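Note that this is a predicted model, so its numbers are computed, not measured.
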Amino acid sequence: MKNINVVTIGNLISAHYEGNNEKFDNYVHFIIEVYEEQGEHRKADIIRKRVDGSYKNFPKVVLD
(Lines give C-alpha, C1' and ligand atoms only; values in the text may rest on other atoms or scores of the structure.)
Protein backbone atom coordinates (compact mmCIF):
# COMPACT_ATOMS: atom_id res chain seq x y z
CA MET A 1 0.00 0.00 0.00
CA LYS A 2 1.26 3.45 -0.91
CA ASN A 3 1.70 5.99 1.84
CA ILE A 4 2.12 9.75 2.09
CA ASN A 5 5.03 10.51 4.38
CA VAL A 6 7.32 13.40 5.21
CA VAL A 7 9.63 12.55 2.30
CA THR A 8 6.73 12.86 -0.15
CA ILE A 9 5.75 16.23 1.28
CA GLY A 10 9.39 17.35 1.29
CA ASN A 11 9.79 16.41 -2.36
CA LEU A 12 6.58 18.24 -3.22
CA ILE A 13 7.90 21.39 -1.55
CA SER A 14 11.29 21.02 -3.24
CA ALA A 15 9.67 20.69 -6.65
CA HIS A 16 7.70 23.87 -5.99
CA TYR A 17 10.77 25.87 -4.97
CA GLU A 18 12.75 24.49 -7.91
CA GLY A 19 9.99 25.63 -10.25
CA ASN A 20 9.74 22.10 -11.62
CA ASN A 21 6.04 21.96 -12.50
CA GLU A 22 6.20 18.48 -13.98
CA LYS A 23 7.75 17.03 -10.80
CA PHE A 24 5.30 19.00 -8.65
CA ASP A 25 2.31 17.73 -10.63
CA ASN A 26 3.57 14.15 -10.37
CA TYR A 27 3.75 14.38 -6.58
CA VAL A 28 0.31 16.00 -6.38
CA HIS A 29 -1.21 13.24 -8.51
CA PHE A 30 0.57 10.63 -6.39
CA ILE A 31 -0.97 12.13 -3.24
CA ILE A 32 -4.43 12.18 -4.85
CA GLU A 33 -3.99 8.54 -5.91
CA VAL A 34 -2.97 7.50 -2.40
CA TYR A 35 -5.97 9.22 -0.83
CA GLU A 36 -8.31 7.56 -3.33
CA GLU A 37 -6.80 4.11 -2.68
CA GLN A 38 -7.32 4.69 1.06
CA GLY A 39 -10.98 5.60 0.46
CA GLU A 40 -10.35 9.25 1.37
CA HIS A 41 -12.24 10.62 -1.63
CA ARG A 42 -13.07 13.94 0.02
CA LYS A 43 -9.38 14.66 0.62
CA ALA A 44 -8.57 13.71 -2.98
CA ASP A 45 -11.35 15.97 -4.27
CA ILE A 46 -10.15 18.93 -2.20
CA ILE A 47 -6.63 18.62 -3.61
CA ARG A 48 -7.89 18.04 -7.16
CA LYS A 49 -10.08 21.17 -6.98
CA ARG A 50 -7.11 23.22 -5.75
CA VAL A 51 -4.94 21.98 -8.60
CA ASP A 52 -7.45 22.68 -11.35
CA GLY A 53 -8.77 25.89 -9.75
CA SER A 54 -12.37 24.71 -9.66
CA TYR A 55 -12.57 25.46 -5.93
CA LYS A 56 -13.16 29.09 -6.97
CA ASN A 57 -16.55 28.07 -8.41
CA PHE A 58 -17.93 27.00 -5.03
CA PRO A 59 -19.30 29.28 -2.33
CA LYS A 60 -16.99 30.00 0.55
CA VAL A 61 -17.96 28.94 4.05
CA VAL A 62 -17.68 31.67 6.67
CA LEU A 63 -17.84 30.80 10.34
CA ASP A 64 -18.79 33.50 12.81
Side-chain angles (χ1 to χ4, degrees):
M1 177 180 249
K2 297 176 187 170
N3 194 8
I4 300 168
N5 57 35
V6 70
V7 174
T8 304
I9 302 301
N11 288 336
L12 178 71
I13 293 167
S14 293
H16 168 72
Y17 282 120
E18 293 168 3
N20 188 335
N21 292 334
E22 182 179 348
K23 185 177 176 182
F24 182 83
D25 288 343
N26 287 335
Y27 277 105
V28 169
H29 291 293
F30 173 78
I31 292 169
I32 290 170
E33 183 180 314
V34 171
Y35 280 140
E36 287 179 339
E37 286 178 3
Q38 293 175 351
E40 299 284 355
H41 301 290
R42 181 165 157 67
K43 291 178 182 179
D45 286 341
I46 289 169
I47 294 171
R48 191 176 292 108
K49 287 176 185 175
R50 283 290 177 166
V51 170
D52 67 15
S54 65
Y55 73 94
K56 297 175 186 175
N57 299 329
F58 293 92
K60 295 180 182 177
V61 176
V62 178
L63 302 174
D64 292 331

Show which side-chain atoms of residues 46-53 pair as donor or acceptor with protein atoms under 3.5 Å away, not counting sequence neighbours.
| residue | atom | partner | partner atom | Å |
| --- | --- | --- | --- | --- |
| Arg48 | NH1 | Asp45 | OD1 | 2.9 |
| Arg48 | NH2 | Glu36 | OE2 | 2.3 |
| Asp52 | OD1 | Ser54 | N | 2.8 |
| Asp52 | OD1 | Ser54 | OG | 2.7 |

Original post:
Among the clusters formed by ILVMFWY side chains lying less than 4.5 Å apart, do Ile13 and Val6 turn up in the same one?
Top reply: no

Subject >> Value rounded to 0.5 Å, distance of CD1 in Ile4 from CD in Glu40 >> reply: 9.5 Å

Subject >> All pairs passing salt bridge (charged side-chain N to carboxylate O under 4.0 Å, His left out) where residues 5-14 contributes a residue, at least two apart >> reply: none

Side-chain atoms of residues 20-32: list all donor-acceptor pairs with protein atoms under 3.5 Å, sequence neighbours left out, distances to 0.1 Å.
| residue | atom | partner | partner atom | Å |
| --- | --- | --- | --- | --- |
| Asn20 | OD1 | Glu22 | N | 3.4 |
| Asn20 | OD1 | Lys23 | N | 3.0 |
| Asn26 | ND2 | Glu22 | O | 3.3 |
| Tyr27 | OH | Asn11 | ND2 | 3.1 |

